[in-house]
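Everything numeric here is computed off the predicted structure, so don't read it as measured data. Any value given below was found using the heavy atoms of this structure, including those in side chains, with hydrogens, waters and symmetry copies removed.
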Amino acid sequence: EKSMNFSGRVGKLKIKASETSPEILMLGYLCIKDTESISSKINILDRFGLADIDIATICDCEIQSVRNARQKVSKKAKR
């Protein structure tokens with residue numbers, strides 16, 4: 001089992017390292033490179049079935065930002 005330590009605001013958080021191939025990550029990046037909003041990027045990347053950590057890596061954001069964007073989109077859909 002691979003794991004990586006990331007320094008966060010609260011301290012060190014141990015999370016599992018991504019096992020997604022670099023080619024898939026690059027393909028995901030190429031699909032969203034011209035997209036501006038984080039919600040749109042996540043919507044596109046969710047089609048690949050990527051884990052939150054992979055989407056955060058591609059979008060250069062925090063994992064919680066990915067989760068927040070998904071929740072925001074789901075709340076809009078319910079209206």
Side-chain angles (χ1 to χ4, degrees):
E1 179 182 350
K2 297 178 187 176
S3 63
M4 299 174 75
N5 288 323
F6 293 91
S7 296
R9 294 185 185 132
V10 179
K12 287 193 175 184
L13 174 67
K14 194 169 188 172
I15 58 176
K16 192 174 179 182
S18 171
E19 294 179 5
T20 304
S21 72
E23 292 84 7
I24 297 294
L25 295 176
M26 180 59 72
L27 178 62
Y29 172 76
L30 292 173
C31 288
I32 64 153
K33 72 177 188 174
D34 294 330
T35 307
E36 292 188 23
S37 81
I38 187 81
S39 298
S40 297
K41 289 178 182 181
I42 291 168
N43 195 15
I44 293 166
L45 293 172
D46 274 342
R47 297 176 192 165
F48 288 97
L50 297 172
D52 290 352
I53 188 169
D54 295 327
I55 294 174
T57 300
I58 293 169
C59 295
D60 193 30
C61 68
E62 298 292 325
I63 296 172
Q64 191 61 45
S65 298
V66 172
R67 294 176 183 151
N68 291 345
R70 274 198 195 112
Q71 187 174 18
K72 191 175 183 179
V73 169
S74 111
K75 282 185 180 180
K76 279 185 179 179
K78 289 181 182 179
R79 291 183 185 173

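Pairs passing the salt bridge (charged side-chain N to carboxylate O under 4.0 Å, His left out) check and including a residue from residues 44-53, sequence neighbours excluded, read D46-R70, D52-R67, D52-R70. Listed by first and then second residue, the salt bridge (charged side-chain N to carboxylate O under 4.0 Å, His left out) pairs involving residues 23-32 amount to none (not counting sequence neighbours).
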Report, one line per pair, each donor and acceptor closer than 3.5 Å where one atom sits in a side chain of residues 35-42; sequence neighbours left out.
{"unit_1": "S37", "atom_1": "OG", "unit_2": "S40", "atom_2": "N", "d": "3.1"}
{"unit_1": "S37", "atom_1": "OG", "unit_2": "S40", "atom_2": "OG", "d": "2.8"}

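Nearest approach of F48 to C31, heavy atoms of both residues: CZ-SG, 3.7 Å.
To the nearest 0.5 Å, the span separating CG on N68 from CD on E62 amounts to 11.0 Å. Note: I24 CD1 to L45 CG = 11.5 Å, rounded to the nearest 0.5 Å.
At least one side-chain heavy atom of L50 sits less than 4.5 Å from a side-chain heavy atom of I58. Taking 4.5 Å as the limit, every side-chain heavy atom of V66 sits out of range of all side-chain heavy atoms of C59. In this structure, the side chains of V73 and N43 stay at 4.5 Å or more apart for every pair of heavy atoms.
Under a 3.5 Å cut-off, the side chain of S65 and the backbone N or O of C61 do not form any donor-acceptor pair.
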